[in-house]
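Reckoned from all heavy atoms, side chains included, excluding hydrogens, waters and symmetry mates.
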Amino acid sequence: MQLNEERFLQDLHALRAIGAAGVGKGVVRPAYSPDDIAARDWLAERMREAGLEVQFDPVGSLFGLADQPSILVGSHSDSQPEGGWLDGALGVIAGLEIARAARESGGPAVSVVSFQDEEGRFGVTTGSAVWAGVLEESQALALTDSAGVSLEDARAAMGSRLGPWVRHDQFSGFLEMHIEQGPVMDGTGEKIGVVESIVGIRDRVITFTGEQNHAGTTPMALRKDAFQALAGFNTELNARFANVVTPQTVWTIGHVDLHPGAHSIVPGCVRFSMQWRDADVDRLARMERIIDETAQEIASAMGMLVDLGPVLGVEPVAMAPAMRSALEQSAQQYARGLWRSMPSGALHDASNVAALMPTGMLFVPSIGGISHAFAEDTEEADLVLGLRVLAQAVEAFSAG
């Protein structure tokens, strides 16, 4: 397979220009936004030029399909509200280049995918979750973003592009190339990470409803201050988690909506996200119980109401041995002494696809361990090395 590495890099930069924002190589391309749709249209045209059949599924994931049974390679092209140029996009463009190179040189059949809403505007890896059957389509359509917009309403912006579901059984396996999004390889100087497993994730929205009142005349002892409920919840939760979690366990309150948000009003309501991640299913469940109990106790003590939204999530998953073997052998060939096996603390579309077919993941370093930020970056030489390792693994796995 003769890769065109310059074409690969040019395409990465061309995709970066759609939704370019902020400083450096920042990108703002949330799911179903005009720039997200423009990026998918651009990708669709590149897929057609590569001889692939273009198909959008009912939630907007974009597939470039080979004309015979194939391996599927890709990731996602939507971004965080403030994201970088490589998160997701790298895996899609790598898949596109490998599909083109394979077709040009008589290599194995390769299909490409850019899943929709991996970054969670509406849920957790929404597009691949619905495609894999982890999440029912009706449930997905009812999901809302932080502004209250439903996925069903948002996807209407894609108009007539949407088509039928893509069959799973035409693919022999799935490979996803991604930046590490962490500091491990940047710190060690290693160039390739072969993913062993991906952590599980749980995500929900919690609402405390107290009493809105005047900030100057309401005595502290009589307040039902929603922000104080959130502050108390956070402090108590950290204390209760101490004897449950491991150094690898993480949890985050990442989005807070305080109402009415005025200087002179005691806030009457706070709606916030609660997310937690771990590789152990039992620990994830135990953390959920602690979250529920803590929220209910805080609300009761402060005379408030609490609403615990539905828990969304993806289970921890191990990568397929055959995929890991193909990636490890390729890494040994191209990056001898400069690669490692490692878990993924970040969630990826591969988590969902692994329920359907053999799945593997490849990491390249993140400079400074930074991701989900405009400063996200990776040396272009490392991007190209990752492409070579991935392409060799595609050939090896396809050959059986």
Side-chain angles (χ1 to χ4, degrees), residues 1-5 8 66 68-75 86 90-113 171-182 184-198 279 316-346 348-351 353-366 378-400:
M1 192 186 302
Q2 297 298 311
L3 296 166
N4 186 329
E5 295 163 357
F8 162 69
Q68 57 184 298
S70 63
I71 188 171
L72 181 65
V73 184
S75 188
L86 296 171
L90 173 61
V92 177
I93 298 301
L96 176 63
E97 177 54 35
I98 291 171
R100 285 185 300 211
R103 191 176 184 88
E104 291 165 356
S105 57
V110 179
S111 294
V112 186
V113 64
F171 306 119
S172 59
F174 176 65
L175 278 169
E176 182 172 5
M177 176 176 167
H178 212 280
I179 53 173
E180 180 194 342
Q181 300 182 285
V184 174
M185 288 193 290
D186 187 61
T188 63
E190 292 163 316
K191 301 299 183 181
I192 296 293
V194 177
V195 177
E196 303 167 326
S197 60
I198 303 174
V317 62
M319 297 293 93
M323 286 295 197
R324 282 187 58 188
S325 176
L327 289 167
E328 289 168 354
Q329 292 178 36
S330 184
Q332 185 66 5
Q333 177 179 339
Y334 286 100
R336 183 181 296 271
L338 292 173
W339 69 275
R340 65 162 52 212
S341 295
M342 62 190 302
S344 173
H348 301 284
D349 291 309
S351 300
V353 183
L356 302 173
M357 62 191 71
T359 295
M361 280 202 75
L362 174 72
F363 283 165
V364 294
S366 294
T378 296
E379 296 289 348
E380 290 192 351
D382 292 339
L383 299 176
V384 169
L385 178 61
L387 177 69
R388 293 171 183 163
V389 172
L390 188 68
Q392 175 64 27
V394 166
E395 289 191 295
F397 181 80
S398 298

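Between atom CD1 of residue I71 and atom CG of residue L175 there is a gap of 4.5 Å, rounded to the nearest 0.5 Å. Here the CG atom belonging to L86 is positioned 11.0 Å from the OG atom belonging to S75, to the nearest 0.5 angstrom. Considering CD1 of I93 and CD1 of I98, their distance stands at 11.5 Å, rounded to 0.5 Å. With rounding to the nearest 0.5 Å, the separation of OG in S111 from CG in L96 is 12.0 Å. Within the model, atoms OG of S105 and CG of N4 stand 11.5 Å from one another, a figure rounded to the nearest 0.5 Å. Between the CD1 atom in I198 and the OG atom in S351 there is a gap of 3.5 Å [rounded to 0.5 Å].
Within the structure, salt bridge (charged side-chain N to carboxylate O under 4.0 Å, His left out) contacts touching residues 388-400 (residues at least two apart or in different chains) are E5-R388.
Across every non-hydrogen atom of A109 and P69, the tightest pair is CB-O, 3.5 Å. A pairwise comparison of heavy atoms in V112 and G95 identifies CG2-O, 3.4 Å as the closest pair. Of all non-hydrogen atoms in T359 and A350, the two that sit nearest each other are CG2-CB, 3.6 Å. A pairwise comparison of heavy atoms in G386 and I192 identifies CA-CD1, 3.8 Å as the closest pair. Closest approach of P365 and T378 over heavy atoms only: O-OG1, 2.6 Å. Here the closest non-hydrogen pair linking M319 and V195 is CG-O, 3.3 Å.
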Cut-off 3.5 Å, no hydrogens considered: what does the side-chain donor-acceptor table look like for residues 323-331, sequence neighbours left out?
unit_1: R324; atom_1: NH2; unit_2: E328; atom_2: OE2; d: 3.4
unit_1: S325; atom_1: OG; unit_2: Q329; atom_2: NE2; d: 3.0
unit_1: E328; atom_1: OE2; unit_2: S341; atom_2: OG; d: 3.4
unit_1: S330; atom_1: OG; unit_2: V389; atom_2: O; d: 2.7

Tell me which donor-acceptor pairs under 3.5 Å the side chains of residues 333-340 have, and how far apart each pair is, sequence neighbours excluded?
unit_1: W339; atom_1: NE1; unit_2: Q332; atom_2: OE1; d: 2.7
unit_1: R340; atom_1: NE; unit_2: E190; atom_2: OE1; d: 2.6
unit_1: R340; atom_1: NH2; unit_2: E190; atom_2: OE1; d: 3.2

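Here the side chain of S70 pairs no donor or acceptor atom with the backbone of A66 at under 3.5 angstrom.
The side-chain heavy atoms of F174 and L356, taken from C-beta on, include no pair separated by under 4.5 Å. Inter-residue side-chain proximity for P358 and F397 is flagged as met; some heavy-atom pair is nearer than 4.5 Å.
Residues satisfying the ring pair (Phe, Tyr, Trp, His ring centres under 6.0 Å) criterion with H348, sequence neighbours excluded, are H178, F363. With sequence neighbours left out, the salt bridge (Lys or Arg N to Asp or Glu O under 4.0 Å) criterion links D186 to no other residue. Contacts of E97 classified as salt bridge (Lys or Arg N to Asp or Glu O under 4.0 Å), with partners at least two apart in sequence or in another chain: R7, R100.
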Run the side chain to side chain contact (heavy atoms under 4.5 Å, CB included) test on K191 and V364 for me, step by step, so that the C-alpha distance in whole Å, both residues' side-chain angles and the decisive distance to 0.1 Å come before the verdict. CA-CA 6 Å; K191 301 299 183 181; V364 294; over 6 Å; no
With side chain to side chain contact (heavy atoms under 4.5 Å, CB included) as the criterion, how do M342 and V184 come out once you've worked through the C-alpha distance, each side chain's angles and the decisive distance to 0.1 Å? CA-CA 9 Å; M342 62 190 302; V184 174; 4.2 Å; yes
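Between the side chains of S366 and E180, no donor-acceptor pair is found at a separation under 3.5 Å.
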